[in-house]
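Read through the structure below, which is laid out as structure tokens, and then see the notes.
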Amino acid sequence: MISGIVLPEKIFLIVGFLMETLPHIADLSYFCRALSRCWLDNNKIILYNKQKGKMKKSLLQKERSSYQPKLPKGLQGAVKVKEGAPTQSVSDREEIQKLFPNTYGMPLVEFVPGNEANHEAMNVGVILSGGQAPGGHNVICGIFDEVKKLNPNNRLYGFLMGPGGLVEHNYIELTAEIIDDYRNTGGFDMIGSGRTKLEEEDQFEKGLEIIRKLDIQAIVIIGGDDSNTNACVLAEYYAAKKCGVQVIGCPKTIDGDLKNDQIETSFGFDTATKTYAELIGNIERDCNSARKYWHFIKLMGRSASHIALECALQCQPNVCIVSEEVQQKDMTLNQIVEQIAAAVADRASRGMNFGVVLIPEGLIEFIPSIGRMIGELNDLLAAHGADYKDLDKEAQRAYILAHLSKENAETFATLPEGVARQLSLDRDPHGNVQVSLIETERLLSDMVEAKLVAWKKDGKFDGKFAPLHHFFGYEGRCAAPSNFDADYCYALGVSAAQLIANGKTGYMAIVKNTTAPTDEWKAGGVPITMMMNMERRSGEMKPVIRKALVELNGAPFREFARLRDEWAKETCFIYPGPIQYWGPAAVCDRTTRTLELEQQ
């Protein structure tokens, strides 16, 4: 693991540093080995632990490191800025403008070929924020290569373990030696990530101390909708105080819910869904071989069903639940169970006692009656969590039932005890239910099994039902990026560096026209305020980037809806196989089915 502590410029203080950092040192030989792994870099003591922080390189990684990501024409040489019209937020315009007077209404930016220009030296800081997504390292590589291209004296600093590294002054300088080790690799282990929210003035001021010490002109925050919301808040604060510090965001999330008219896809979605689709295809092949199991597969995607829908389009399972449809149709949990049970019974009637069901991680929150109950429960625990947390389990359940409205209390009372308990556990840093902890796949299969037992007594089901359960989440977050994500992320990093070089702040780097050949992609930036609206978070109205849900009138869902009845009745499984890095472009460079259908 890499860690850093700012100390006075005296080499002998390394000894004191080690004594404080490694209090378990038992003998001189251990101390000397630790001392040999330390060095000073720009007043900073670095302790590098080879065993904990550095992964060994596979043959694939060694070969893959030489891949040179492709860039749009607008970023291949000298660059100039083409500005569009002023922008407005997607809604709540007066409130957003009032909260962000210095960064609101800025124009869209596109990079086009320009003339060579001299650039003064600048230092840049970069932060990885939130959950991992394939391609994050390539964003950093793109930033590094471009700032060095603009001026060889430019320096790039990585703040360690997320936004907390900025506040705690925990950083390293990213050199060519470090960068080259991580080209085209998955994960965020170059500098680590974290979920510290940057929203308090004292955090901004603490960050400003190290920014000034390192003479940093700009910070790039690589993250999802919440992280980029924090980037916008930070940009506004530094702009209001005239600190001369720019803040740029990059769109990351495998969930696919950070997209709009300007952001065609968030990075990592392509690689993650292809990774999950490979696993689902493996299971489908096994399912069609053994012909005796029903596989219930929960997929990541707390706030939207983009991953489940994309995997369904790639693999053609028998059933895929789309949370947004459940919400629109005001479906109950029992109706969802009946839908799955009907598919099981129908296939059993034709001798097929096997199948595959895909379930989005956030389904529970989208069932309207449960969603309303969770909304009130969130507000209740935000306001009275201190009263609640020290009670025992039975008292906690009684407390919730006594304080919820009649309708929501009745919904809470009908839930299985385990699910009800999970809904009332600690929230994530953003005040949300930790739905990944809820075993929705097991809940649904148990309820389907109970339904089938009742149907068998009534003569409506004459078959066998043997469920197996899977949750695919972490398996897709750190995969080696596909060619698409390797190119896309590198272009985002170069775009971020160009936004900085052109004096922009409060922008998110974007790359558009991504279903065309890479040469024809269009790179630029969008003001983050353009994507914001006001939403209730932890009991308060706050400015946030609007999440993009699955559009039921969109081409991807329409294609799914057209085919799903056939998939439910017949065995239409597709095995897409693993991600390919070398070979025909039709196989190696293809985009997701979602992006293909949306941009057709």
Side-chain angles (χ1 to χ4, degrees), residues 81-111 127 129-130 163 166 197-201 203-204 207-208 217-253 257-267 303 430 492 495-512 522-537 540-549:
V81 171
K82 178 182 175 183
E83 292 192 351
T87 59
Q88 293 183 318
S89 59
V90 290
S91 65
D92 307 310
R93 290 171 180 171
E94 289 185 7
E95 293 95 326
I96 299 297
Q97 185 171 13
K98 185 176 180 180
L99 289 168
F100 300 93
N102 296 282
T103 52
Y104 187 87
M106 299 182 297
L108 288 168
V109 164
E110 181 183 346
F111 297 124
I127 297 169
S129 180
L166 177 66
K197 288 172 66 69
L198 295 176
E199 54 185 1
E200 303 295 337
E201 185 172 338
Q203 293 176 309
F204 304 158
L208 196 56
Q217 283 72 52
I219 296 289
V220 180
I221 297 179
I222 303 168
D225 56 323
D226 285 316
S227 298
N228 276 282
T229 296
N230 292 161
C232 192
V233 172
L234 189 63
E236 176 64 29
Y237 182 85
Y238 289 152
K241 293 199 70 176
K242 295 180 172 54
C243 298
V245 179
Q246 301 159 250
V247 183
I248 302 297
C250 284
K252 172 232 62 163
T253 174
D257 56 8
L258 178 50
K259 66 177 181 178
N260 47 51
D261 291 342
Q262 301 302 322
I263 301 172
E264 294 180 352
T265 186
S266 53
F267 81 74
S303 299
H430 304 293
L492 286 172
S495 295
Q498 281 293 341
L499 286 168
I500 295 166
N502 285 278
K504 304 301 182 185
T505 189
Y507 275 77
M508 190 184 297
I510 58 172
V511 176
K512 301 174 67 174
K522 298 183 184 301
V526 56
I528 301 176
T529 53
M530 185 181 181
M531 299 175 281
M532 298 183 82
N533 67 171
M534 301 296 293
E535 291 180 15
R536 182 171 292 278
R537 298 287 179 91
E540 297 180 28
M541 294 300 293
K542 293 187 176 182
V544 296
I545 294 173
R546 177 184 287 177
K547 289 185 183 293
L549 304 182

Among residues at least two apart in sequence or on other chains, which ones pass salt bridge (charged side-chain N to carboxylate O under 4.0 Å, His left out) with [X]?
{"X": "Lys82", "value": "none"}
{"X": "Glu200", "value": "none"}
{"X": "Lys259", "value": "Glu598"}

> For residues 228-247, which residue pairs qualify under salt bridge (Lys or Arg N to Asp or Glu O under 4.0 Å), counting only residues two or more places apart or in two chains?
Replying inline: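 Residue pairs passing salt bridge (Lys or Arg N to Asp or Glu O under 4.0 Å), neighbours aside: Glu205-Lys241.
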
Do you know which two heavy atoms are closest between [X] and [Y], and how far apart they sit?
{"X": "Ala509", "Y": "Ala496", "result": "CB-N, 3.9 Å"}
{"X": "Val247", "Y": "Ala231", "result": "CG1-O, 3.5 Å"}
{"X": "Ser303", "Y": "Leu549", "result": "O-CD2, 2.9 Å"}
{"X": "Gly223", "Y": "Asn228", "result": "O-ND2, 2.7 Å"}
{"X": "Leu258", "Y": "Asp225", "result": "CD2-N, 4.0 Å"}

Between [atom1] of [X] and [atom2] of [Y], what distance do you get to the nearest 0.5 Å?
{"X": "Lys522", "Y": "Lys512", "atom1": "NZ", "atom2": "NZ", "answer": "9.5 Å"}
{"X": "Leu166", "Y": "Leu234", "atom1": "CG", "atom2": "CG", "answer": "7.0 Å"}
{"X": "Ile248", "Y": "Thr505", "atom1": "CD1", "atom2": "OG1", "answer": "5.5 Å"}
{"X": "Ile96", "Y": "Gln88", "atom1": "CD1", "atom2": "CD", "answer": "12.0 Å"}

> With sequence neighbours left out, what residues match Ser129 under side-chain hydrogen bond (donor to acceptor under 3.5 Å, both in side chains)?
Replying inline: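 If we apply the side-chain hydrogen bond (donor to acceptor under 3.5 Å, both in side chains) test to Ser129, skipping adjacent residues, the hits are Ser227.
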
> What pairs with Glu95 under side-chain hydrogen bond (donor to acceptor under 3.5 Å, both in side chains), at least two apart in sequence or on another chain?
Replying inline: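 None.
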
With sequence neighbours excluded, residues passing side-chain contact (heavy atoms from CB on, under 4.5 Å) with [X]:
{"X": "Gln498", "answer": "Leu75, Val79, Phe111, Glu146, Leu150, Ala501, Asn502"}
{"X": "Gln217", "answer": "Met122, Asn123, Asp215"}
{"X": "Val233", "answer": "Phe100, Phe204"}
{"X": "Met541", "answer": "Met534, Arg536"}

Is a side-chain donor or acceptor of [X] paired with a backbone partner of [Y] at a separation under 3.5 angstrom?
{"X": "Tyr104", "Y": "Ser89", "answer": "yes"}
{"X": "Ser266", "Y": "Pro251", "answer": "no"}
{"X": "Gln203", "Y": "Lys197", "answer": "yes"}

>> As a quick check of understanding, evaluate side-chain contact (heavy atoms from CB on, under 4.5 Å) for Ile221 and Asn230, giving each step before the final call.
In response: CA-CA 9 Å; Ile221 297 179; Asn230 292 161; 5.6 Å; no

> Is there side-chain contact between Thr253 and Lys547, with heavy atoms separated by less than 4.5 Å?
Replying inline: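 No, too far: nothing below the 4.5 Å cut-off.
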
> Is any side-chain N of the basic residue among Lys504 and Glu83 closer than 4.0 Å to the acidic one's carboxylate O?
Replying inline: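 Salt bridge present between Lys504 and Glu83.
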
Considering only distance and modelled atom types, tabulate donor-acceptor pairs under 3.5 Å from the side chains of residues 523-533, sequence neighbours left out.
unit_1: Thr529; atom_1: OG1; unit_2: Thr103; atom_2: O; d: 3.3
unit_1: Asn533; atom_1: OD1; unit_2: Arg546; atom_2: NE; d: 3.3
unit_1: Asn533; atom_1: ND2; unit_2: Glu535; atom_2: OE2; d: 3.2
unit_1: Asn533; atom_1: ND2; unit_2: Val544; atom_2: O; d: 3.2

> With Tyr238, which residues qualify under ring-ring contact (aromatic ring centres under 6.0 Å, His included), at least two apart?
Replying inline: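 Checked Tyr238 against ring-ring contact (aromatic ring centres under 6.0 Å, His included); zero matches.
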
> Taking it one step at a time, do Val220 and Ile500 satisfy side-chain contact (heavy atoms from CB on, under 4.5 Å)?
Replying inline: CA-CA 9 Å; Val220 180; Ile500 295 166; 3.7 Å; yes

